[in-house]
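Remember, predicted model here, so these are calculated numbers, not experimental data. Computation of the quantities below employed the complete heavy-atom set of this structure, encompassing side-chain atoms and omitting hydrogens, waters and symmetry-equivalent molecules.
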Amino acid sequence: EVQEQKMAADSNQAAVRDRAWATKMKMIITNQEEDSDDDDGSISPPTSDGEDDDPEDDQGEDEGAEEDDIEQILKMQEKVQGAIKEVHEFARYLGMDPDKDQKMLWIAVEAMSAPLPDGWQEYTTSDGQVYFYNKQKDTTQWEHPLDEYHRQLYRKIKDGGGRPGRSRDGNLKPAGRNKKH
């Protein structure tokens with residue numbers, strides 16, 4: 001039983017860590033994050049200084065700017081790949097198969113960035129484990145209060161009871177095929 005609690009706590013720690021990165025992931029994908037290595041992390045076209053428009057003089061500068069752009073693109077690609085990996089890990093935590101349930105990964109992203117419901121607070125133990133406390137109910141738990149909601153939402157959609165017009169795999173059903181003849 002102690003081992004099971006430890007495994008559950010470890011799983012919760014990973015989920016909490018991933019949840020903290022969800023907002024950052026959204027910013028990375030939309031290129032809104034400030035990169036500590038760059039000015040603002042954005043890729044902008046080279047600007048002309050207006051002094052000399054001789055293309056031969058600017059050739060070395062263009063190559064340098066192009067290399068910087070390529071480096072920034074590679075950094076962004078690495079960040080996006082890391083964010084995708086984190087979403088897949090969190091999807092597994094919720095009971096999803098990221099390969100089979102790709103069209104439902106939005107549920108994992110939503111769960112990772114879900115705010116705490118009213119009355120809940122997040123705390124950390126002295127050894128770094130995150131837990132949640134509800135003052136109104138005077139209860140604590142290791143999982144984010146909305147994790148089970150997101151698990152059930154996934155199951156409901158997966159089983160075809162979720163959104164109207166969706167099949168068991170979360171894909172849209174073709175029009176006119178929802179009725180049995």
Side-chain angles (χ1 to χ4, degrees), residues 1-34 41 76-125 127-181:
E1 187 175 319
V2 172
Q3 181 66 18
E4 288 176 10
Q5 289 176 346
K6 175 69 173 149
M7 288 173 43
D10 289 345
S11 177
N12 180 55
Q13 286 302 110
V16 170
R17 182 190 69 240
D18 290 344
R19 183 176 285 110
W21 284 95
T23 302
K24 186 174 182 178
M25 178 204 64
K26 286 180 180 179
M27 293 171 67
I28 289 170
I29 290 172
T30 60
N31 199 23
Q32 296 174 358
E33 178 191 46
E34 288 191 23
M76 182 64 63
Q77 183 180 15
E78 187 177 302
K79 288 179 182 180
V80 169
Q81 287 172 345
I84 291 169
K85 181 181 177 186
E86 290 175 14
V87 169
H88 285 200
E89 288 173 0
F90 202 85
R92 284 186 201 92
Y93 166 75
L94 292 174
M96 300 171 72
D97 180 334
D99 296 323
K100 293 180 182 176
D101 300 324
Q102 287 185 4
K103 296 196 184 238
M104 291 185 280
L105 289 176
W106 62 269
I107 297 171
V109 173
E110 290 288 323
M112 290 172 71
S113 58
L116 285 171
D118 290 340
W120 286 92
Q121 294 180 311
E122 182 177 316
Y123 293 96
T124 306
T125 64
D127 61 347
Q129 294 189 0
V130 174
Y131 67 96
F132 302 92
Y133 173 69
N134 184 314
K135 186 175 182 176
Q136 296 162 342
K137 297 179 182 179
D138 193 30
T139 59
T140 61
Q141 61 188 50
W142 293 109
E143 283 192 350
H144 187 284
L146 295 178
D147 284 354
E148 186 56 31
Y149 164 80
H150 288 97
R151 277 189 198 96
Q152 290 177 9
L153 176 63
Y154 159 70
R155 287 184 202 121
K156 184 176 182 180
I157 293 172
K158 181 82 173 175
D159 293 339
R163 298 177 179 173
R166 298 257 175 197
S167 65
R168 295 185 145 227
D169 62 0
N171 294 318
L172 289 173
K173 291 181 183 177
R177 296 192 183 181
N178 292 338
K179 297 179 185 176
K180 291 186 178 183
H181 298 282

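For the pair Q81 and Q77, the minimum side-chain heavy-atom distance is below 4.5 Å. Residues Y154 and L94 have side chains not in contact (no heavy-atom distance under 4.5 Å, counting atoms from C-beta outward). A 4.5 Å side-chain heavy-atom check between Y149 and E110 finds every atom pair outside the cut-off. Within the 4.5 Å cutoff, no side-chain heavy atoms of L105 are placed close to those of F90. By the 4.5 Å heavy-atom criterion applied to side chains, I107 and I157 are counted as neighbours. In this structure, the side chains of Y93 and R151 come closer than 4.5 Å at one or more pairs of heavy atoms. Side chains of D138 and Y133 form a contact here, defined as non-hydrogen atoms less than 4.5 Å apart.
Atom CG of D118 has 12 or fewer neighbouring heavy atoms from other residues, nucleotides or ligands inside a 6.0 Å radius. Open room surrounds CD on E78; 12 or fewer heavy atoms of other groups in view lie less than 6.0 Å from it.
The two atoms that bring W106 and L153 nearest to each other are CH2-CD2, 4.0 Å, heavy atoms only. Between L116 and P145, the shortest heavy-atom contact is CD2-CD, 3.6 Å.
Listed by chain and number, the residues in a side chain to side chain contact (heavy atoms under 4.5 Å, CB included) with D127 are T125, Q129 (sequence neighbours excluded). The side chain to side chain contact (heavy atoms under 4.5 Å, CB included) check on K137 picks up N134, T139, with sequence neighbours excluded.
To the nearest 0.5 Å, atoms CZ (R92) and CG (D101) are separated by 11.0 Å. A distance of 4.5 Å separates NZ of K158 from CE of M104, quoted to the nearest 0.5 Å. The CD atom of Q102 lies 6.0 Å from the NE2 atom of H88; values are rounded to the nearest 0.5 Å.
The residue from Q121, E143, H144 that alone fulfils the side-chain contact (heavy atoms from CB on, under 4.5 Å) condition with F132 is H144.
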